[in-house]
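Below: the structure, in structure tokens.
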Amino acid sequence: MNGHRIHRVAKLTGLSKDVIRVWERRYGLVKPSRSSNRYREYSDEEVALLRFVKAQMDLGATIGGLAAEGHDALVARMRAATPVTPEEEKPHDRLLVDLIGSLDPLDKAAFERKLNGAVAVIPFEEALHRILLPLQRRIGELWHEGRLNVGVEHYVTKLVQQKLFSVMNQLPVNESGPRVLIACPEGEIHEVGAQAVAYIAATRGCQVYYLGPNLPTSDLLSFCERITPDLVLLSLTDTKPEAAAIQQLKDLEAIAGRWPVAVGGQGARALGHLLHETNIELLDDLTALHSRLMVLVSTRMLAARG
Ligand code: B12
């Protein structure tokens with residue numbers, strides 16, 4: 001999690017320091033942590049929430065009315081109200097060049113200052129599409145081309161992962177949401193796609209069970225038996241030789257016979273022709289994922305109402 005001091009939050013949100021403190025004291029709108037020297041420290045999520053509240057007030061809402069909704073409901077509404085448009089999916093090219101420039105030679109302070117600052121000022125889902133995922137791709141490509149040290153690649157990958165998880169962990173847990181299990185199958189170590197999927201599922205109101213990379217099919221099966229998922233989402237990045245791909249699909253079909261299974265990622269798209277003959281669904285991209293999850297969540301809500 002990034003800690004932003006109050007003077008920076010004031011700059012990032014356009015609110016005065018006094019207003020931010022009053023909203024904390026009176027309405028509990030934000031709950032900054034305290035640094036070792038007792039300074040307030042605000043997370044990216046809190047900065048985004050303050051910006052959202054300010055934007056709502058600019059549209060005529062009152063702080064009392066907004067605060068009455070409660071912190072968790074406001075966070076959920078902020079996320080729902082910020083669907084990512086194609087414009088917001090475009091990589092932030094200038095920033096990416098700038099960030100990569102701070103990696104060789106490595107200037108950790110400059111890199112993190114630029115990254116944290118840029119991520120904090122836009123809704124997190126937009127930051128995911130425009131900054132974090134493109135950054136991950138570019139860093140990985142540089143490593144693949146032998147132009148970036150593996151330690152630096154690991155350092156950036158871990159930062160991207162930490163950001164995704166820290167924001168995800170701040171989301172309210174929807175205990176009545178559909179259970180969605182997310183993992184990468186055995187042999188698959190490219191994990192960031194699966195993490196992005198986990199984040200999106202959590203923001204759409206699912207209960208996410210994130211099991212990470214390289215999960216053997218037998219473990220996936222036994223975990224499904226434990227939780228009876230409403231949907232299993234698998235991220236496949238590698239392209240396997242045909243024989244290995246057919247074997248993998250056979251294993252997954254056994255699971256898909258009992259619970260709904262969908263696959264996505266570049267490895268899954270490459271399987272297209274083989275998937276037609278199975279009961280495994282292909283989700284082409286994150287837009288397809290969004291639609292699939294909306295159906296899942298609304299079906300669950302209707303069932304709960306009887
Ligand atoms: C980053 C990266 C790495 C990182 C991985 C870090 C990590 N822990 O995840 C590192 C540097 C460690 C790495 C290692 C390797 N990599 Co690599 N890597 C990449 C790279 C550059 C980006 C992948 C990535 O993370 N993208 C970010 C994610 C978010 O984007 P995405 O994968 O496109 O996913 C999007 C969609 O597909 C979708 N999506 C993904 N999953 C799912 C799931 C569902 C359900 C849905 C709906 C959507 C969805 O959402 C995402 C967001 O839009 C790609 C090349 C590329 N440009 O794609 C190569 C690439 C995937 N790697 C490759 C290879 C070969 C390897 C290695 C095997 C190389 C080696 N010889 O050692 C090793 C793996 C070592 C091992 N132990 O197995 C190859 C795969 C080739 C193939 N076709 O099989 C690629 C394509 C590079 C290449 N051109 O050759 N890699």
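First listed ligand is number 1; within each ligand, the first listed atom is number 1.
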Is the backbone of [Y] close enough, under 3.5 Å, to the side chain of [X] for a donor and an acceptor to pair up by distance?
X      : Y      : value
Gln207 : Glu175 : yes
Glu46  : Ser43  : yes
Glu24  : Ile20  : no

With a 4.0 Å cut-off, would you call Arg138 and Asp93 a salt bridge?
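Asp93 and Arg138: salt-bridged.
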Would you call Arg204 and Glu125 a salt bridge, taking side-chain N to carboxylate O under 4.0 Å as the test?
yes
Among all protein non-hydrogen atoms, which one is nearest to [atom], and what is the separation to 0.1 Å?
atom                    : result
atom 41 (N) of ligand 1 : Ser235 OG, 2.7 Å
atom 47 (C) of ligand 1 : Leu283 CB, 3.6 Å
atom 37 (O) of ligand 1 : Gly265 CA, 3.3 Å
atom 80 (C) of ligand 1 : Asp238 OD1, 3.9 Å
atom 46 (C) of ligand 1 : Gly264 CA, 3.6 Å
atom 10 (C) of ligand 1 : Glu153 OE2, 4.0 Å
atom 50 (O) of ligand 1 : Leu286 CD2, 3.5 Å
atom 84 (O) of ligand 1 : Thr239 N, 2.7 Å

State the atoms of ligand 1, each with its element, that fall below the 4.0 Å cut-off from a heavy-atom position in [X].
X      : answer
Leu133 : 29 (C), 52 (C)
Leu234 : 43 (C), 45 (C)
Arg269 : 37 (O)
Val192 : 9 (O)
Val197 : 42 (C), 43 (C), 44 (C), 46 (C), 48 (C), 49 (C)

Rounded distance (nearest 0.5 Å) linking atom [atom1] of [X] with atom [atom2] of [Y]:
X      : Y      : atom1 : atom2 : answer
Asn214 : Ile189 : CG    : CD1   : 8.5 Å
Lys90  : Glu126 : NZ    : CD    : 11.5 Å
Leu211 : Phe223 : CG    : CZ    : 5.0 Å
Leu231 : Leu293 : CG    : CG    : 7.0 Å
Asp18  : Trp23  : CG    : CH2   : 12.5 Å
Leu115 : Leu95  : CG    : CG    : 7.5 Å

Kindly confirm or rule out an N or O of [X] lying under 3.5 angstrom from an N or O of ligand 1.
X      : value
Glu191 : yes
Asp285 : no
Thr157 : no

Taking atom types as modelled and ignoring hydrogens, do the side chains of Ser176 and Asn174 form a donor-acceptor contact shorter than 3.5 angstrom?
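Yes, Asn174 and Ser176 have a side-chain donor paired with an acceptor closer than 3.5 Å.
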May I ask you to check whether Lys54 and Thr13 show a side-chain donor-acceptor distance below 3.5 Å?
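Short answer, no.
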Indicate, as side chain, backbone, both or neither, the part of [X] found under 4.0 angstrom from ligand 1 when only non-hydrogen atoms are considered.
X      : result
Ile139 : neither
Leu289 : side chain
Ile189 : both
Gln266 : both

For residues 150-159, which residue pairs pass the side-chain hydrogen bond (donor to acceptor under 3.5 Å, both in side chains) check, not counting sequence neighbours?
Glu112-Tyr155, Gln136-Thr157, Glu153-Thr157, Lys158-Gln161
As a test of the contact definition, would [atom] count as having a protein heavy-atom neighbour under 4.0 Å?
atom                    : value
atom 15 (C) of ligand 1 : yes
atom 54 (C) of ligand 1 : no
atom 90 (O) of ligand 1 : no
atom 20 (C) of ligand 1 : no
atom 62 (N) of ligand 1 : yes
atom 69 (C) of ligand 1 : yes

Does CZ in Arg26 sit with more than 12 non-hydrogen atoms of other residues, nucleotides or ligands closer than 6.0 Å?
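No, CZ of Arg26 has 12 or fewer neighbouring heavy atoms, counting only those of other groups under 6.0 Å.
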Evaluate the side-chain proximity of Leu181 to Leu233: yes if any heavy-atom separation is below 4.5 Å, no if none is.
no
Sub-4.5 Å side-chain heavy-atom contact between Phe124 and Thr203
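The answer is no, as the side chains (C-beta and beyond) never meet within the 4.5 Å cut-off.
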Acceptor/donor pairs from residues 57-70 side chains to any protein atom, 3.5 angstrom cut, sequence neighbours excluded:
unit_1 : atom_1 : unit_2 : atom_2 : d
Thr62  : OG1    : Gly65  : N      : 3.1
Glu69  : OE1    : Arg77  : NE     : 3.0
Glu69  : OE2    : Arg77  : NH2    : 2.9

Which atom pairs, donor and acceptor, lie under 3.5 Å between side-chain atoms of residues 248-262 and protein residues at least two apart or in another chain?
unit_1 : atom_1 : unit_2 : atom_2 : d
Asp251 : OD1    : Gln247 : NE2    : 3.1
Arg258 : NH1    : Glu225 : OE2    : 3.0
Arg258 : NH2    : Glu225 : OE2    : 3.2

Looking at Arg137, Glu141, Gln136, Glu281, the heavy atom closest to atom 57 (N) of ligand 1 belongs to Glu141
For atom 17 (Co) of ligand 1: protein N/O/S atoms at distances below 2.8 Å
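The number of such protein atoms is 2.
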